[in-house]
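Single-structure report; data block below.
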2 protein chains.
Amino acid sequence: MTDLLANRDAWLMTNCSIARTLDVVGNRSTLLLLREASLGTRRFDDFAARVGISEPVAAARLKQLVADGLLERRPYQEPGQRTRDEYVLTDKGAQLVPVLVALRQWGDTWAADPAGPAVWLAHHDCGAEVHAVLRCAAGHDVDPDGLDVRPGPGLIRTNAE
Amino acid sequence: MTDLLANRDAWLMTNCSIARTLDVVGNRSTLLLLREASLGTRRFDDFAARVGISEPVAAARLKQLVADGLLERRPYQEPGQRTRDEYVLTDKGAQLVPVLVALRQWGDTWAADPAGPAVWLAHHDCGAEVHAVLRCAAGHDVDPDGLDVRPGPGLIRTNAE
DNA sequence: CACCTGACTTTGCTTTCTCTAAGTCAGCCG
DNA sequence: CGGCTGACTTAGAGAAAGCAAAGTCAGGTG
């Protein structure tokens, strides 16, 4: 990260996309519920139990996730069972999977049990391990310190020079 | 995400790397402080002001981030100024940048101001826009729904069959 | 048609987070 | 050597998030 830092005082980050994303998924239980949804959990009780949160919290978070459009609630029926509702990831929710993968790989590296991580992610088509990586539009791999911050159209500047 | 779902009830996710990561950075202010650190902010007051949190909170979170090894606190001196401490990302902290990039790009897509995002990230070497993408060890690009979950060495199974 | 189960909701309480306002402390500046 | 500034800390209070325990409700089973 280089350059433009001198002007950062003149910027108001009221339109920061990270902050806006965190307004939606910025707490532990929400992200863990999305983890479960991405792993295929669909039923209310399973969400609560697997995430390790109480039912009232699970109900509130799931409701919010549906309201935000990350999960869709839809009826389903197992053979011989009555109809129920299940929660499934929408496309909008699925696009948070890279966040989950990046969180997982940081934990694998820096916070895993000595025995190793509990699970790992394989590419469905070829079986190789999957990682979140940074890549530029020109196709280069990018290091975390190889990023430049550039002002975008939604940037609000203060009236300071 | 396919397969192995039938057995998920038999797994205890006590060693989930996502949960462990969220134990460290699982709240809004911590992630926003890391955003600032990754953008080059170094001084206490700037962190508090740019993230939009109060000084007591900034002090507590920064202290924790140093304790967790994501930031390093070290003395520095600007010419004609007295010595001070600055906070800079460690390697451990920098490895969370993909998480921040992934959060940013989700916000750019789903929660940006109509005018567009406030900033965008360019590859320092070539200027092209940078994204977080999923890629497998064999070099394939992976879709969010092209992931398989596989049990790892640290997985704890219950004694249920 | 009484019962059971899955899926929540309600209640009451505790913990955590965050804020404002004020206080502290250490160095260079004059 | 007194004041100013940057960098925090302390104190007090309100809001938000979480938990446990109990209650509700609807549909399928017997």
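Lettering follows sequence order; numbering is per chain, from 1.
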Length of the [atom1]-[atom2] vector between [X] and [N], whole Å:
X       : N      : atom1 : atom2 : value
B:Asn27 : D:dA16 : CG    : P     : 16 Å
A:Leu65 : C:dC8  : CG    : C1'   : 16 Å
A:Asp23 : D:dA17 : CG    : C1'   : 16 Å
A:Arg42 : C:dG6  : CZ    : P     : 18 Å
B:Gln64 : C:dT18 : CD    : P     : 13 Å
B:Arg61 : D:dA7  : CZ    : P     : 20 Å
B:Asp46 : D:dC8  : CG    : P     : 12 Å
B:Arg50 : D:dA7  : CZ    : P     : 12 Å

Selection from [options] that lies nearest to any side-chain heavy atom of [X]:
X       : options               : result
B:Pro56 : D:dG18, C:dC8, C:dA21 : C:dA21
A:Phe44 : C:dT18, D:dA20, C:dC8 : C:dC8
B:Val57 : D:dA7, D:dA17, C:dT18 : C:dT18
B:Ala59 : C:dT20, D:dC19, D:dC8 : D:dC8

Checklist entry - Side chains of A:Thr41 and A:Asp46: do they bring a donor and an acceptor to under 3.5 Å? => result no
Item to check | Which residue lies more 5' along DNA chain C, comparing A:Glu55 with B:Glu55 via nearest heavy atoms | outcome: A:Glu55
Checklist entry - Are side-chain heavy atoms of A:Cys126 and B:His140 found at a separation under 4.5 Å? => result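 A:Cys126 vs B:His140: side chains touch.
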Item to check | Beyond-backbone contact of B:Glu86 with B:Arg74, side-chain heavy atoms, under 4.5 angstrom | outcome: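 Counting from C-beta outward, B:Glu86 and B:Arg74 do come under 4.5 Å.
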Checklist entry - A:Phe47 near the nucleic acid: base, sugar-phosphate alone, or nothing, with a heavy-atom cut-off under 4.0 Å? => result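 Touches nothing.
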Checklist outcome for this item: Comparing nearest nucleotides in DNA chain D, the 5'-proximal residue of the pair A:Gly52, B:Asp45 is B:Asp45
Phosphate contact ([N] OP1 or OP2) by [X] side-chain N/O below 4.0 Å:
X       : N      : answer
B:Lys63 : D:dC8  : no
A:Arg73 : C:dA7  : no
B:Arg28 : D:dA17 : no
A:Ser29 : D:dG18 : yes

Checklist entry - Same cluster or not: are A:Val133 and B:Leu100 linked, directly or through other Ile, Leu, Val, Met, Phe, Trp or Tyr residues, by side-chain heavy atoms under 4.5 angstrom apart? => result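 As far as the 4.5 Å side-chain criterion goes, B:Leu100 and A:Val133 are not connected within one cluster.
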Item to check | Distance, nearest 0.5 Å, that separates CZ of A:Arg104 from CG of A:Leu121 | outcome: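 It is 5.0 Å, given to the nearest 0.5 Å.
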